[in-house]
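Okay, so here's the structure we're looking at.
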Amino acid sequence: MESLRGKVAFVTGGSRGIGLVVARSLVADGARVAVTGKNESHLSAARLQIEKAGPGSVETLQADVRRYDEMKRAIEATVTRFGGLDVLVNNAGVGIFANVADMTRPQWSEVIDTNRSGVFFACHAAIPHLRRRGGGFIINISSLAGKNAFATAAAYCASKAGLNAFSEALMQEVRYDNIRVSYVMPGSVATGFMGGDESKGADWKVSSEEVAEVVLNLLRHPVRSLPSRVELRPTKPPRK
């Protein structure tokens with residue numbers, strides 16, 4: 001996609017954090033964007049921020065990625081509003097951190113259903129529309145935790161490792177439909193992820209803007225080749 005002007009993008013978890021900045025950056029580059037979130041007040045605030053980059057170019061949709069019917073309905077609403085779909089950014093994610101022996105089954109399900117099944121649901125609903133456009137791009141926001149496991153993060157690491165494998169397989173399935181698939185694996189990012197303090201470590205952590213820049217660079221990459229996996233980490237994290 002040499003130019004994003006006029007392209008239609010769908011960003012899950014786009015009301016806050018990385019997703020919000022990705023959506024705003026896409027609109028600023030000329031795309032029309034639909035974002036999903038579970039909280040209506042967060043979506044309303046996000047719309048105000050995104051529209052500053054391009055009035056009339058954003059749609060906000062309340063939807064839970066863990067529910068296939070809601071994902072399908074949101075993507076169909078996007079196609080109806082903007083006339084098609086060119087880009088899917090699977091950004092919605094949660095992290096619940098506890099030792100395996102202490103984690104509850106509902107906590108495990110929330111992480112796996114959001115970070116892994118949610119991506120499948122969005123892709124399943126979006127791929128027919130991407131094919132109708134003659135191709136497109138799917139970008140999955142993963143994490144370095146998908147390859148670097150650590151204690152108290154069994155659910156999160158498993159969900160992101162699964163997402164990585166899913167992305168690799170999907171890339172091979174749809175490449176001849178002119179649908180490119182990449183996944184981005186950030187390390188420490190300065191966001192309010194799971195209620196954290198986004199200002200803590202902001203002087204050295206990766207910023208949401210830097211993740212968004214990677215997403216846009218992927219979309220602009222020449223079609224003859226594909227950076228299918230991008231690892232993004234702080235240049236100088238604190239010494240241990």
Side-chain angles (χ1 to χ4, degrees), residues 1 4 7 9-14 17-23 25-26 31 33 35-36 65-66 71 75 85-95 111-127 129-130 135-150 153 155-189 191 193 205-234:
M1 298 181 184
L4 299 181
K7 300 296 184 182
F10 185 92
V11 182
T12 68
I18 292 172
L20 172 59
V21 178
V22 167
S25 299
L26 287 167
V33 180
V35 302
T36 68
V65 297
R66 296 174 297 177
M71 278 291 94
I75 285 176
L85 183 66
D86 303 291
V87 177
L88 169 63
V89 180
N90 285 302
N91 166 76
V94 299
V111 175
I112 298 299
D113 292 348
T114 302
N115 298 356
R116 199 169 64 188
S117 297
V119 174
F120 164 71
F121 292 156
C123 290
H124 190 276
I127 286 171
H129 297 289
L130 296 174
F137 217 129
I138 297 172
I139 298 178
N140 298 326
I141 306 300
S142 184
S143 169
L144 284 176
K147 59 175 284 189
N148 302 325
F150 58 97
Y156 187 72
C157 293
S159 72
K160 293 301 187 179
L163 173 56
N164 296 347
F166 174 88
S167 302
E168 294 276 357
L170 179 64
M171 180 268 292
Q172 297 179 51
E173 291 177 7
V174 298
R175 65 198 313 175
Y176 294 106
D177 294 316
N178 295 318
I179 300 173
R180 294 183 288 169
V181 179
S182 297
Y183 58 104
V184 182
M185 303 168 65
S188 300
V189 182
T191 69
F193 183 61
K205 290 182 178 180
V206 174
S207 71
S208 295
E209 287 76 14
E210 289 163 338
V211 179
E213 186 64 24
V214 168
V215 171
L216 265 66
N217 285 338
L218 286 170
L219 294 173
R220 298 186 187 113
H221 192 83
V223 297
R224 281 179 52 85
S225 59
L226 174 67
S228 57
R229 180 178 74 187
V230 179
E231 297 185 8
L232 183 66
R233 63 192 77 225

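Ile139 places a side-chain heavy atom less than 4.5 Å from the side chain of Ile141. The closest side-chain heavy-atom distance from Thr36 to Met71 is below 4.5 Å. Contact annotation: the side chain of Met185 approaches that of Asn164 to within less than 4.5 Å [non-hydrogen atoms, C-beta and beyond].
Atoms CD and CD, on Glu173 and Glu168 in that order, are 12.0 Å from each other to the nearest 0.5 Å. A distance of 5.0 Å separates CG in Asp86 from NZ in Lys7, rounded to the nearest 0.5 Å. The CD1 atom of Ile179 sits 8.0 Å away from atom CG of Leu170, with the distance rounded to the nearest 0.5 Å.
Partners of Ser207 under the side chain to side chain contact (heavy atoms under 4.5 Å, CB included) rule, at least two apart in sequence or in another chain, are Glu209, Glu210. Listed by chain and residue number, Phe137, Met171, Arg180, Ser182, Ser228 satisfy the side chain to side chain contact (heavy atoms under 4.5 Å, CB included) test with Leu226 (two or more places apart in sequence, or in another chain). Considering only residues two or more places apart in sequence or on other chains, Arg229 meets the side-chain hydrogen bond (donor to acceptor under 3.5 Å, both in side chains) condition with none of them. Shown here are the side chain to side chain contact (heavy atoms under 4.5 Å, CB included) partners of Ala212, two or more places apart in sequence or in another chain: Val21, Val22, Ser25. Residues passing the side chain to side chain contact (heavy atoms under 4.5 Å, CB included) test with Asn148 are Leu144, sequence neighbours excluded. Residues that satisfy the side-chain hydrogen bond (donor to acceptor under 3.5 Å, both in side chains) test with Ser159, not counting sequence neighbours, are Asn115. By the side-chain hydrogen bond (donor to acceptor under 3.5 Å, both in side chains) test, Asn140 pairs with Asn90, Ser167, sequence neighbours left out. Applying the ring pair (Phe, Tyr, Trp, His ring centres under 6.0 Å) rule to Tyr183 yields no partners; only residues at least two apart in sequence or on another chain are considered. For Glu231, the side-chain hydrogen bond (donor to acceptor under 3.5 Å, both in side chains) partners at least two apart in sequence or on another chain are Lys147, Arg233. Not counting sequence neighbours, Phe166 has no partner by the ring pair (Phe, Tyr, Trp, His ring centres under 6.0 Å) test. Not counting sequence neighbours, Arg116 has no partner by the salt bridge (Lys or Arg N to Asp or Glu O under 4.0 Å) test.
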For this session: With side chain to side chain contact (heavy atoms under 4.5 Å, CB included) as the test, would you mind laying out the steps for Val215 and Ile18 before giving the verdict?
Result: CA-CA 11 Å; Val215 171; Ile18 292 172; over 6 Å; no
For this session: Tell me, with the steps shown, if Leu85 and Phe10 meet side chain to side chain contact (heavy atoms under 4.5 Å, CB included).
Result: CA-CA 8 Å; Leu85 183 66; Phe10 185 92; 3.8 Å; yes
For this session: Would you check, one step at a time, whether the test side chain to side chain contact (heavy atoms under 4.5 Å, CB included) holds for Val230 with Asn217?
Result: CA-CA 11 Å; Val230 179; Asn217 285 338; over 6 Å; no
For this session: Mind running side chain to side chain contact (heavy atoms under 4.5 Å, CB included) on Asp177 and Leu130 for me, showing each step along the way?
Result: CA-CA 9 Å; Asp177 294 316; Leu130 296 174; over 6 Å; no
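Summarising the geometry of Pro234 relative to Val206, their closest heavy-atom pair is N-CG2, 3.6 Å, with the distance given to 0.1 Å. Pro186 approaches Val184 most closely through the heavy-atom pair CD-O, 3.2 Å. The minimum heavy-atom distance linking Cys157 with Ala149 is given by the pair SG-CA, 3.7 Å. The nearest pair of heavy atoms linking Val35 to Val33 is CG1-CG1, 3.9 Å. Closest non-hydrogen pair, Leu88 versus Ala126, comes out as CD2-CB, 3.9 Å. The two residues Phe150 and Ala145 have their closest heavy-atom pair at CE2-CB, 4.0 Å.
Around OH of Tyr176, the count of heavy atoms belonging to other residues, nucleotides or ligands within 6.0 Å does not exceed 12.
The closest donor-acceptor contact from the side chain of Thr12 to the backbone of Asn91 lies under 3.5 Å.
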